[in-house]
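None of these values were measured; they are calculated from a predicted model.
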Protein chains: 2
Amino acid sequence: MLSNACQYAIRSILYLGMRSDEEHKIGVKVISKELEVPQPFLAKLLQQLNKSNLVTSTKGPYGGFYLSETNKQHTVWDIVSLIDGNEKFNQCFLGLSKCGDDNPCPVHFTVSAFKQKLFQDFKEKTIAEFVEEIKLKGRYISLKSFEILKPDSDS
Amino acid sequence: MLSNACQYAIRSILYLGMRSDEEHKIGVKVISKELEVPQPFLAKLLQQLNKSNLVTSTKGPYGGFYLSETNKQHTVWDIVSLIDGNEKFNQCFLGLSKCGDDNPCPVHFTVSAFKQKLFQDFKEKTIAEFVEEIKLKGRYISLKSFEILKPDSDS
DNA sequence: TTAAAACAGGACAAAAATATCTTTTTTATA
DNA sequence: TATAAAAAAGATATTTTTGTCCTGTTTTAA
Ligand code: FES
Ligand code: FES
């Protein structure tokens with residue numbers, strides 16, 4: 001449903017939301033290892049995210065990526081629409097040119113409710129809120145290193 | 001979510017379910033025009049579907065594709081798993097290697113319920129039942145030619 | 001001042017998905 | 001039996017997505 005690029009982007013941003021701030025920047029190398037994402041590909045992605053103000057970066061020794069408070073006020077939807085385009089959740093599941101209650105395809109009513117819900121979730125919840133929930137309820141964004149993102153594993 | 005190929009396949013089969021039987025076969029040319037799907041690509045697809053017994057075909061003049069009664073007893077899931085593989089609805093929305101209630105990603109519980117539901121729908125309902133519903137409730141599988149698939153438009 | 005660390009940017013490469021073309025086989029029927 | 005219509009099959013082409021490589025630029029600690 002989402003492209004690899006988009007999945008990488010979301011996970012990276014959530015990761016940065018969990019682990020970084022202006023005093024603790026994280027380099028591409030670390031992020032790509034932790035999340036098991038191809039490094040050069042991720043580098044490109046982060047560039048793009050940086051340009052669109054979804055992440056912040058600084059160069060030089062001790063440089064790296066982090067989420068500023070402003071960055072954290074963005075939503076997952078901002079990521080999706082940047083990477084995968086903003087028609088992602090308007091499209092018909094069977095590829096018809098128009099999706100709507102007035103000309104529903106055979107699975108429209110099964111799919112539609114869900115799309116709405118997910119869309120809202122993505123559009124309303126800020127990154128900050130997602131991060132909060134991850135910390136609280138324990139969600140995973142990497143399988144490699146379970147512990148780093150479990151609740152209570154952080155200071 | 002589904003590949004183009006898979007969407008084409010589902011729509012073609014539903015179309016055949018609506019309009020064809022052993023006495024009324026339909027050629028690739030017609031199907032591709034009606035559904036607005038690239039012809040040679042569809043031809044390949046139908047070959048594949050034929051091999052897997054999801055559609056039936058005969059060569060020669062007055063030949064074409066149709067759904068036998070056996071074909072109609074298959075499910076949409078059979079199509080999806082053939083074309084897109086049977087992991088399609090087991091995969092994590094964010095691309096994590098394992099998807100499950102025990103190690104949920106941040107959107108797992110939003111997505112999971114839906115996936116279950118759609119999966120069931122696709123797995124339980126036969127093509128015949130889908131076709132029935134299309135006829136009864138009026139569902140679209142092509143936008144180009146609305147009328148051909150609306151209820152009451154057929155004999 | 002300098003060297004290393006890190007991001008930035010452009011060009012390139014590989015793989016997968018999508019689409020097309022050409023030839024062969026089958027078959028109804030004139 | 002010849003012919004034409006249609007699918008089957010295999011080879012090829014295009015596009016998109018994904019991934020890599022190399023060189024440059026900025027920053028900063030020593
Ligand atoms: S019309 Fe197909 S999902 Fe809405
Ligand atoms: S773990 Fe991500 S969708 Fe289930």
Side-chain angles (χ1 to χ4, degrees), chain A residues 1-12 16 20 22-33 35-68 71 80 82-85 87-88 91 95, chain B residues 1-12 16 20 22-33 35-68 71 80 82-85 87-88 91 95:
Chain A
M1 186 137 192
L2 301 177
S3 66
N4 284 3
C6 192
Q7 296 177 342
Y8 296 163
I10 294 173
R11 288 168 57 207
S12 299
L16 286 173
S20 81
E22 201 167 349
E23 276 81 45
H24 301 89
K25 296 158 194 162
I26 308 182
V28 194
K29 219 175 289 180
V30 174
I31 306 176
S32 70
K33 272 220 175 127
L35 300 183
E36 295 180 290
V37 159
Q39 211 222 81
F41 192 68
L42 182 61
K44 272 284 144 65
L45 249 179
L46 287 171
Q47 269 180 51
Q48 199 184 348
L49 294 172
N50 179 46
K51 271 189 211 153
S52 300
N53 255 294
L54 290 169
V55 305
T56 309
S57 74
T58 65
K59 292 180 177 180
Y62 290 83
F65 294 88
Y66 68 98
L67 294 197
S68 68
N71 295 150
V80 174
L82 175 70
I83 309 290
D84 280 357
E87 285 306 307
K88 200 78 199 185
Q91 280 160 356
Chain B
M1 184 135 190
L2 300 177
S3 66
N4 283 4
C6 192
Q7 296 176 341
Y8 297 163
I10 293 173
R11 288 168 57 208
S12 299
L16 287 173
S20 80
E22 199 166 351
E23 275 81 46
H24 301 88
K25 295 158 195 163
I26 307 182
V28 194
K29 220 176 287 181
V30 174
I31 306 175
S32 70
K33 271 217 174 130
L35 299 183
E36 295 180 289
V37 160
Q39 211 222 82
F41 191 69
L42 182 61
K44 270 285 142 66
L45 249 179
L46 288 170
Q47 268 180 50
Q48 198 184 348
L49 294 173
N50 178 49
K51 270 188 212 154
S52 300
N53 256 294
L54 290 169
V55 306
T56 309
S57 74
T58 63
K59 292 181 177 180
Y62 291 83
F65 294 89
Y66 68 97
L67 294 197
S68 68
N71 295 150
V80 175
L82 176 69
I83 309 290
D84 280 357
E87 285 307 306
K88 201 76 200 186
Q91 279 159 357

note = Of A:Ala5 and A:Pro61, the one whose nearest nucleotide on DNA chain D sits closer to the 5' end is A:Ala5
Measure across [X] and [Y] and return the closest heavy-atom pair with its distance rounded to 0.1 Å.
| X | Y | value |
| --- | --- | --- |
| B:Ile83 | B:Ala9 | CG1-CB, 4.3 Å |
| A:Gly95 | B:Arg11 | O-NH1, 4.5 Å |
| A:Phe65 | A:Leu16 | O-CD2, 3.6 Å |

Rounded interatomic separation in angstrom, taking [atom1] from [X] and [atom2] from [N]:
| X | N | atom1 | atom2 | answer |
| --- | --- | --- | --- | --- |
| B:Leu16 | D:dA7 | CG | C1' | 14 Å |
| B:Tyr62 | C:dA30 | OH | C1' | 11 Å |
| A:Ile26 | C:dA5 | CD1 | P | 18 Å |
| B:Lys25 | D:dA6 | NZ | P | 12 Å |
| B:Lys29 | D:dA5 | NZ | C1' | 9 Å |
| A:Ile31 | C:dC7 | CD1 | C1' | 11 Å |
| B:Glu22 | C:dA28 | CD | P | 12 Å |
| B:Leu46 | D:dA8 | CG | P | 8 Å |

query = Does anything in residues 48-57 of chain A reach DNA chain C, meaning a heavy atom under 4.0 Å, and if so which residues?
reply = A:Asn50, A:Lys51, A:Ser57
So what does [X] hit on the nucleic acid, given a heavy-atom distance under 4.0 Å: a base, only sugar-phosphate, or nothing?
| X | value |
| --- | --- |
| B:Pro38 | sugar-phosphate |
| A:Leu42 | nothing |
| B:Gly60 | base |
| A:Lys44 | base |

inquiry  = From the set C:dA5, D:dA7, C:dT18, return the single nucleotide nearest to any side-chain atom of B:Ser3.
reply    = C:dT18
query = Considering only side-chain heavy atoms of B:Lys59, which listed nucleotide, C:dA5, D:dT25, D:dA7, is closest?
reply = D:dA7
task = Measure distances between side-chain N and O atoms of A:Gln39 and base N and O atoms of D:dG19, and say whether any donor-acceptor pair falls under 3.5 Å.
result = no
inquiry  = Should the side chain of B:Gln47 and the base of D:dA7 be counted as holding a donor-acceptor pair, with the cut-off at 3.5 Å?
reply    = no
Side-chain heavy atoms of [X] within contact of [Y], under 4.5 Å:
| X | Y | result |
| --- | --- | --- |
| A:Leu42 | A:Ser12 | yes |
| B:Met1 | B:Asp84 | no |
| A:Leu49 | A:Asn71 | no |
| B:Val80 | B:Ile10 | yes |
| A:Val55 | A:Leu67 | yes |

message = For C:dT18 and B:Tyr8 - does any side-chain N or O of the residue sit under 4.0 Å from the phosphate oxygens OP1/OP2?
response = no
